[in-house]
Protein chains: 2
Amino acid sequence: MPTILIVDDEEDIRELIAINLLREEKYTLLEAINGLEALHLAKTKRPDLIILDLMLPEMDGLTVHKNLREDPRTVNIPVIMLTARGRLEEKIQGLEMGADDYLAKPFSPKELILRVRNLLRRTNQNHGGSLIETGPFSLDKNALKLHLEGDEIELTATEFKLLLSLIESPGITQERSDLLKKVWGYSDMIQTRTLDTHIKRLREKLGSNGNSIETVRGVGYRFLEETV
Amino acid sequence: MPTILIVDDEEDIRELIAINLLREEKYTLLEAINGLEALHLAKTKRPDLIILDLMLPEMDGLTVHKNLREDPRTVNIPVIMLTARGRLEEKIQGLEMGADDYLAKPFSPKELILRVRNLLRRTNQNHGGSLIETGPFSLDKNALKLHLEGDEIELTATEFKLLLSLIESPGITQERSDLLKKVWGYSDMIQTRTLDTHIKRLREKLGSNGNSIETVRGVGYRFLEETV
DNA sequence: TCCTGTCGTGACAATTACGTCACGACGAAC
DNA sequence: GTTCGTCGTGACGTAATTGTCACGACAGGA
């Protein structure tokens, strides 16, 4: 369940956001009314998303954002900035500092929800999960594992790198020399059966999905997203 | 050098975007004037970003976008949508379909540049590079390698997973049981020296940066972003 | 200071992964 | 059908990885 931190000193805005978020989907909410509190919460609780008003007492939103970006614990947390009226100055300044999105008050609740959902979807795909999903394949870059039709398949480091290289460009034929370079670091066009052997081992582990790795005779191999 | 695909049937808009992008940074540009051309280019050239006008002859932008999202080759390419005037209807529709950003004509060239830069930065962090960077450490999830102060350090699969677990939460102490679960999949609180041994091996490979892994006696280990 | 539990370290054996080879099967071109 | 080159496959030796253990060092509390 994603955690969202709302930073705003106006209670009715916090409430408006909270109500809309809670109604739409299941989120855990954190609230802060000033910059220091926000920074502390962000660094200890590590929310998945921060909605940050630019107008805050004492420490303004841009400063809070700068602080967030300077700490490795929070540098990757996406931020949606809020401001009264969409003043271009602040807008550009916010984007320049790496805000991930921007919302001008008064905003439409529907737009807020959509922006939150989009941002969470993007970051989940990457940072949190590091999952590459294609068809029935789900490759976990963190655990170095493959999930396939409910089964959890252990891959060796070489197999993982090979499958990753193939799966990252579905439908596209990769030449033998390219794969040898990507996975083994071979720079020359080496005559070796190593690649074939590992392809075979991969196909074995993929079981009935082994034919997702297609041989392109004389060229290389190709990953098919759909089993023919 | 990132490749950007511009899809718009108005030549002066394409030119405006091209001029501003080319002036600011080094990009490779592709241009398309209708949906079919855009889809073909996207699937064969695989640009890093697509700037897509909603108003196109024959196939409208939303349909193009839908097609992009349905093909594994293009599903991960971020899209900035362009529309005449920021009509809320289209805005919401675009975001709902997973557009990554939205720009209303007439737009400020500066804002365009910033949005492009932000989106590329976000996606590079994840998909393309899969690099986790903290201080002098640069962990490559695709190649399963560690770059540290110019050196390329080979890690075994176990070492990689262990370092990844630590480095993903810098400054935060991870309990032994958590690490055992994350890296080895042990569910019970097992009494083992395996973790210690691997920590030792990691520290050896990290050389003078070995003290970035701090022991928290009785609890676990902690990764420090800055060498003390 | 002593005691206790935790951690670091080096060595070791078992397991696993890896690359190579030989041979047979198969496709494509003629 | 024949020929040639590429690919699949099983086996095998080598190298690397891994988990465990024993012992000593050390920190923290009594």
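Remember, predicted model here, so these are calculated numbers, not experimental data. Lettering follows sequence order; numbering is per chain, from 1.
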- Nearest of dC7(C), dT6(D), dG8(D) to any side-chain atom of Arg217(A)?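 The closest nucleotide is dT6(D).
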
Can you name the nearest heavy-atom pair linking [X] to [Y], along with the distance?
{"X": "Glu154(B)", "Y": "Glu159(B)", "value": "O-OE1, 4.4 Å"}
{"X": "Ala42(B)", "Y": "Ile50(B)", "value": "CB-CD1, 4.1 Å"}
{"X": "Leu56(A)", "Y": "Asp8(A)", "value": "CD2-CA, 4.0 Å"}
{"X": "Ile213(A)", "Y": "Arg203(A)", "value": "O-NH2, 2.9 Å"}

Any [X] side-chain N or O less than 4.0 Å from OP1/OP2 of [N]:
{"X": "Tyr221(B)", "N": "dG8(C)", "result": "yes"}
{"X": "Thr215(B)", "N": "dG8(C)", "result": "yes"}
{"X": "Trp184(B)", "N": "dT18(D)", "result": "no"}

- Message: So, taking the atom named CD1 in Ile172(A) and the one named CG in Leu224(A), what distance separates them when rounded to the nearest 0.5 Å?
- Response: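 Here the interatomic distance stands at 12.0 Å.
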
- Query: Do any N or O atoms from the side chain of Arg222(A) and from the backbone of Glu214(A) form a donor-acceptor pair under 3.5 angstrom?
  - Reply: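 Absent.
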
- Judged by atom type as modelled, is there a donor-acceptor pair below 3.5 Å linking the side chain of Asn209(B) to the main-chain atoms of Ser212(B)?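 Not at all, since once roles are kept as given, no pair shorter than 3.5 Å links the two residues.
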
Whole-Å distance between [N] [atom2] and [X] [atom1]?
{"X": "Leu180(B)", "N": "dT6(C)", "atom1": "CG", "atom2": "P", "value": "14 Å"}
{"X": "Asn211(B)", "N": "dG8(C)", "atom1": "CG", "atom2": "P", "value": "13 Å"}
{"X": "Arg176(A)", "N": "dG5(D)", "atom1": "CZ", "atom2": "P", "value": "16 Å"}
{"X": "Leu155(A)", "N": "dA17(C)", "atom1": "CG", "atom2": "C1'", "value": "13 Å"}
{"X": "Leu179(A)", "N": "dC7(D)", "atom1": "CG", "atom2": "C1'", "value": "15 Å"}
{"X": "Leu144(A)", "N": "dA17(C)", "atom1": "CG", "atom2": "P", "value": "13 Å"}
{"X": "Glu175(B)", "N": "dT6(C)", "atom1": "CD", "atom2": "P", "value": "14 Å"}
{"X": "Glu154(A)", "N": "dT16(C)", "atom1": "CD", "atom2": "C1'", "value": "12 Å"}

- Item | Strand-adjacent residues in residues 192-205 of chain A, judged by heavy atoms under 4.0 Å from DNA chain C | Thr192(A), Arg193(A), Thr194(A), Thr197(A), His198(A), Arg201(A)

